[in-house]
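What follows is a single structure, written as structure tokens, with notes after it.
Excluded from the calculations below are hydrogen atoms, water molecules and symmetry mates; all remaining heavy atoms, backbone and side chain alike, are included.
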Amino acid sequence: QVQLVESGGGLVQAGGSLRLSCAVSGRTFSRYGMGWFRQAPGKEREFVAGITRRGWSTSTTYYADSVKGRFAISRDNAKNTVYLQMNSLKPEDTAVYYCAASPAAQALGVARSYDYWGQGTQVTVSS
């Protein structure tokens, strides 16, 4: 059993920053590829960022074009936690953000690669 709990969401003004955290329990965290997705009302869930199962300093990261240069995904295997640092936030970043874990080696840019999902945390960016 793998459980994921997101935190750190909230209301922020455009241009501001926010850091999301995802705590993982149940299995060996360092073995998981991790990802962040988001879903706005009435829209499909979309990929935001992913990181391979190696340590944060050596892992490969992936980003959606819409967040490149603004967001950064990282992981702390000692804390069983993955982070999403969000800078220069825009109103279009408003969504529920979900973290997800992939126990097997597979493409991290698609939702079907992930077996475990958190409950989501709301991010609202005001203009």
**Message:** Are Tyr83 and Tyr97 linked, directly or through intermediate hydrophobic residues, by side-chain heavy-atom contacts shorter than 4.5 Å (ILVMFWY only)?
**Reply:** no
**Request:** Measure the CD-CZ distance between Gln122 and Arg38 for me, rounded to the nearest 0.5 Å.
**Result:** 12.0 Å
**Prompt:** What is the minimum heavy-atom distance between Arg45 and Gln39, and which atoms define it?
**Reply:** N-NE2, 3.7 Å
**Request:** Look only at the side chain of Gln85 and the backbone of Ile73, and say whether a donor-acceptor pair between them is shorter than 3.5 Å.
**Result:** no
**Request:** Specify the closest pair of heavy atoms between Ser30 and Arg75, including all atoms of both residues, with the distance to one decimal.
**Result:** CA-NH2, 3.9 Å
**Request:** Any chance you could measure Cys99, atom SG, to Met34, atom CE, to the nearest 0.5 Å?
**Result:** 5.0 Å
**Complete:** Lys43 meets the salt bridge (charged side-chain N to carboxylate O under 4.0 Å, His left out) criterion, sequence neighbours left out, with none
**Message:** Please check this pair: side chain of Glu6 against backbone of Thr121, looking for a donor-acceptor N/O pair closer than 3.5 Å.
**Reply:** no
**Item:** Any residue meeting side-chain contact (heavy atoms from CB on, under 4.5 Å) with Asp115, in chain and number order, not counting sequence neighbours
**Value:** Pro103
**Asked** Quick one: does Leu20's side chain get under 4.5 Å of Val123's, heavy atoms only?
**Response** yes
**Asked** Could you walk me through whether Phe71 and Val48 pass the side-chain contact (heavy atoms from CB on, under 4.5 Å) check?
**Response** CA-CA 9 Å; Phe71 290 11; Val48 176; 3.7 Å; yes
**Exercise: identify the closest heavy-atom pair between Ala49 and Leu84** = CB-CD1, 4.1 Å
**Asked** Roughly how far, to the nearest 0.5 Å, is the OH atom of Tyr116 from the OG atom of Ser25?
**Response** 11.5 Å
**Request:** Apply salt bridge (charged side-chain N to carboxylate O under 4.0 Å, His left out) to Arg70 and list each qualifying residue two or more places apart in sequence or on a separate chain.
**Result:** Asp93
**Prompt:** Cys22 and side chain to side chain contact (heavy atoms under 4.5 Å, CB included): which partner among Leu4, Val5, Thr81?
**Reply:** Leu4
**Message:** How close do Ser127 and Ala14 get, counting heavy atoms only, and between which atoms?
**Reply:** CA-CB, 4.4 Å
**Set of side-chain hydrogen bond (donor to acceptor under 3.5 Å, both in side chains) partners for Ser88, sequence neighbours left out** = none
**Message:** Checking Val12 now: which residues fulfil side-chain contact (heavy atoms from CB on, under 4.5 Å) with it, not counting sequence neighbours?
**Reply:** Leu89, Val125
**Message:** Testing the basics here: between Thr94 and Ala40, what is the closest heavy-atom pair and its distance to 0.1 Å?
**Reply:** O-CB, 3.9 Å
**Complete:** Only residue of Asp76, Val82, Val2 satisfying side chain to side chain contact (heavy atoms under 4.5 Å, CB included) with Phe29 is Val82
**Request:** Supply the members, apart from Trp117, of the Ile/Leu/Val/Met/Phe/Trp/Tyr cluster built from side-chain contacts under 4.5 Å; use none for a lone residue.
**Result:** Phe37, Phe47, Tyr62, Val96, Tyr98, Leu108, Tyr114
